[in-house]
A.B. asks: 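Handing you a structure now.
Basis for what follows: all heavy atoms, side chains included, without hydrogens, waters or symmetry-related copies. Quick note on labels: first sequence line is chain A, next is B, and so on, each numbered from 1. Quick caveat: nothing in here was measured; it's all calculated off a predicted structure.
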Protein chains: 2
Amino acid sequence: MAGRQRTGTPTLEDVAALAGVGRGTVSRVVNNAAGVKDSTRRAVERAIAELGYVPNHAARSLAGRRADAVALVVTEAEWRLFGEPFFAETVRAVSDALADSGMHLLLTLVRGAAERRRFVEYARGGRVDGVLLVSAHGGEPLPDMLAELGIATVLLGRRSADEPVSYVDVDNVGGARTAVRYLLGSGRSAIATITGPLDMYVAQCRLRGYREALGRGTERDAAPAPGAPDDSWVAEGDFTEESGRRAMRELLARHPGLDAVLVASDTMAAGAVHALRAAGRRVPDDVAVIGFDDFPLAQHIHPRLTTVRQPVDEIGRALVRLLLEELEDSAVAWRHVVLRTELVRRDSA
Amino acid sequence: MAGRQRTGTPTLEDVAALAGVGRGTVSRVVNNAAGVKDSTRRAVERAIAELGYVPNHAARSLAGRRADAVALVVTEAEWRLFGEPFFAETVRAVSDALADSGMHLLLTLVRGAAERRRFVEYARGGRVDGVLLVSAHGGEPLPDMLAELGIATVLLGRRSADEPVSYVDVDNVGGARTAVRYLLGSGRSAIATITGPLDMYVAQCRLRGYREALGRGTERDAAPAPGAPDDSWVAEGDFTEESGRRAMRELLARHPGLDAVLVASDTMAAGAVHALRAAGRRVPDDVAVIGFDDFPLAQHIHPRLTTVRQPVDEIGRALVRLLLEELEDSAVAWRHVVLRTELVRRDSA
DNA sequence: CTGAAAGCGCTAACAC
DNA sequence: GTGTTAGCGCTTTCAG
């Protein structure tokens, strides 16, 4: 394949010649380095404008040994999940957070061993300065591979309780606990839950929060605990709508009298609502549903659902901040941030 | 900011030394160039494996004048739309189509003049070989800017009837026509439509197809035309659910007797169904709804909606093919591809 | 403060 | 077939 780059593009040298200075000076001006006389700087800037000079990325990257880009990697075999609002929102948030830093965002999917290997080569090739990793399941090896290669990496969501690699996570236990307490406080007591895939730590945490609120009532503002429900009140889904529907049917079959459900995702909540309706239950009057993720799908299905909102913009900012910090001083300890969630009530509307 | 690249990474030269050959030979092996003795090739490969050599991208890019990456640009001020299934699906399809070519995908948002400028600089910096552009509204200047700079560009969706820049589009007129004919053929006659933003050519085309089917019945298998409806049967949305809802309410107010609606997107169809239900109409028994885009949202709302499916995978493949062709021979004429759509009937289920 | 010079790691053209 | 060489355009010392 022949060279692709437009030829005749002005180079730093052209600018230097036109401005009557050396290349080094132009470089300093372009990079806003201190120690250039103001008049010189202006002359160079004029030349740059006149020539329409734009720095060549490859050269800069080669000389400066950096890429000015970070990869956002989605390790999710089920790409369909990328359609989930949570991913789209995350991409947007990260993109926004990155905008000021001058870095560019590279979106990459890793859906299996082959693509994982391919991405590692890619990263090793120096095309990114760091990696943001979303949707890592329990045993995902990519973060460790990257860490071993010395590539700055930050996860959105831990893989396990003792995640070593840097991460940003939300307080899933607390969010679920708050949701269930709210239900208890509003008079519901037969409360079931639909979890995410239990090989994901996020799903385990939400389940734990549910159990804590029901079984213990450890904190003083907690409603009276009705005793921990057994596993028949728990159904596992995989974050898809269909799984939410199926899980809800199971729960209804086992406990026709249930009057509230905590669902681990927006999409599954939509499925659960369908199943409830099909069973002739009124939502949320007859059965209260609380879904995680304050996003559109479940709201389409029923606008009065209560949700546990994840602060996506803050997640994005935190991810970028951690990554930049890691790039600054590669000495490092791992960095961890856990963000609070927020209950958004709509069912009283 | 200090250099970021891991240091001590083996270079081509290290490989050459270890294998006891020259750099050129290693380069040939790495690039699968012909004309290397088999034994030599194997020796080099062994050295590569032993050292864990990975080519440095920046150097390759600088010397070879290409980036091995293409940008997928979404020019959409309303980023929220990125959450739409159509975008997620498009990203996936393009990503898949690109996988074989060894190129990488770069996702970029352009939400206004500032970001547009920024992206042009980015592209001029030689960081991408070509650009795929999605969701261009009528007056979007980016494609022309890129074309002028000699950057290979392919649009998904024309901006107007006489789009000059290379594009892949689907047969929106035909799709809408087919849908309306299907409605006519099944005994509906009071047919309204909810369009997309009419500053987008795609929306204009779908509206035209609707009008052609109703007003003319030009082809022999067309059902009897009831005469072209006036503008009161047309409501404009912006592809969001809320706009679909509002548009449907307007249409119902103007024409309580309508018995079918053609909706220009999946999401708006979901909104329309909500509005119909709220008005006490049964869907699709009482009112038939056809939405464009065979995607999940409207199906969540009502599983029996008929849809016009856009062949997303083929779109992805076509986009990539056109772009690669353009990269191969930069001589070029513009290349245009229009894909067929397909009616997917579900309302008889 | 500024110019000159030495690479960054690779490709491609040209010798041998 | 294979080694050698000249850059690609920029950053970064190092002198002045």
A.B. asks: Out of D/dG7, C/dC8, D/dC8, which has the shortest distance to the side chain of A/A63?
C.D. replies: C/dC8
A.B. asks: Looking at A/R60, I'd like to know whether one of its side-chain N or O atoms comes within less than 4.0 Å of OP1 or OP2 on D/dT11.
C.D. replies: yes
A.B. asks: Report the distance from atom CZ of A/R66 to atom C1' of D/dT12, rounded to the nearest whole Å.
C.D. replies: 12 Å
A.B. asks: Are the charged groups of B/R111 and B/E76 less than 4.0 angstrom apart, N to O?
C.D. replies: no
A.B. asks: Indicate yes or no: does B/E325 engage B/R321 in a salt bridge with an N to O separation below 4.0 Å.
C.D. replies: yes
A.B. asks: So how far is it from B/S101 OG to B/L327 CG, rounded to the nearest 0.5 Å?
C.D. replies: 9.5 Å
A.B. asks: Of the nucleotides D/dT4, D/dG9, D/dA6, which one has an atom closest to the side chain of B/R28?
C.D. replies: D/dT4
A.B. asks: Find the distance A/E13:CD to C/dA5:P and express it as a whole number of Å.
C.D. replies: 12 Å
A.B. asks: What does B/V21 touch in the nucleic acid at a heavy-atom separation under 4.0 angstrom: a base, only the sugar-phosphate, or nothing?
C.D. replies: sugar-phosphate
A.B. asks: Identify whether the distance between the nearest side-chain nitrogen and carboxylate oxygen of A/R317 and A/D313 falls below 4.0 Å.
C.D. replies: no
A.B. asks: So what is the end-to-end bend of the helix from C/dC1-D/dG16 to C/dC16-D/dG1, with 5 pairs used at each end and the value given to 10 degrees?
C.D. replies: 40°
A.B. asks: Would you kindly give the CZ-to-C1' distance between B/R23 and C/dC10, to the nearest whole Å?
C.D. replies: 7 Å
A.B. asks: Does any non-hydrogen side-chain atom of A/L132 lie less than 4.5 Å from one of A/V73?
C.D. replies: no
A.B. asks: Pull out every residue in residues 29-41 of chain B that has a heavy atom closer than 4.0 Å to any atom of DNA chain C, ordered by number, or say none.
C.D. replies: B/N31
A.B. asks: From CG of A/N56 over to P of D/dT11, roughly how many Å is that when rounded to an integer?
C.D. replies: 10 Å
A.B. asks: Send over the distance from B/L62 CG to D/dC8 P, rounded to a whole Å.
C.D. replies: 9 Å
A.B. asks: B/V21 vs B/V26, test: side chain to side chain contact (heavy atoms under 4.5 Å, CB included). Steps then yes/no.
C.D. replies: CA-CA 7 Å; B/V21 304; B/V26 178; 3.7 Å; yes
A.B. asks: Do B/D68 and B/R127 meet the salt-bridge criterion of a basic N to acidic O distance under 4.0 Å?
C.D. replies: no
A.B. asks: Tell me the interatomic distance from A/D14, atom CG, to D/dC8, atom P, rounded to whole angstroms.
C.D. replies: 11 Å
A.B. asks: With sugar-phosphate meaning primed atoms plus P, OP1 and OP2, does A/S27 contact a base, only sugar-phosphate, or nothing at under 4.0 Å between heavy atoms?
C.D. replies: base
A.B. asks: Rounded off to whole Å, could you give me the NE2-to-C1' distance for the B/H57 and C/dC8 pair?
C.D. replies: 14 Å
A.B. asks: Dump the intermediate steps for side chain to side chain contact (heavy atoms under 4.5 Å, CB included) on A/V91 and A/L72, then the final yes or no.
C.D. replies: CA-CA 8 Å; A/V91 174; A/L72 178 61; 3.9 Å; yes
A.B. asks: Within this structure, what is the CG-CD1 distance for the pair A/D169 and A/I315, rounded to the nearest 0.5 Å?
C.D. replies: 8.0 Å
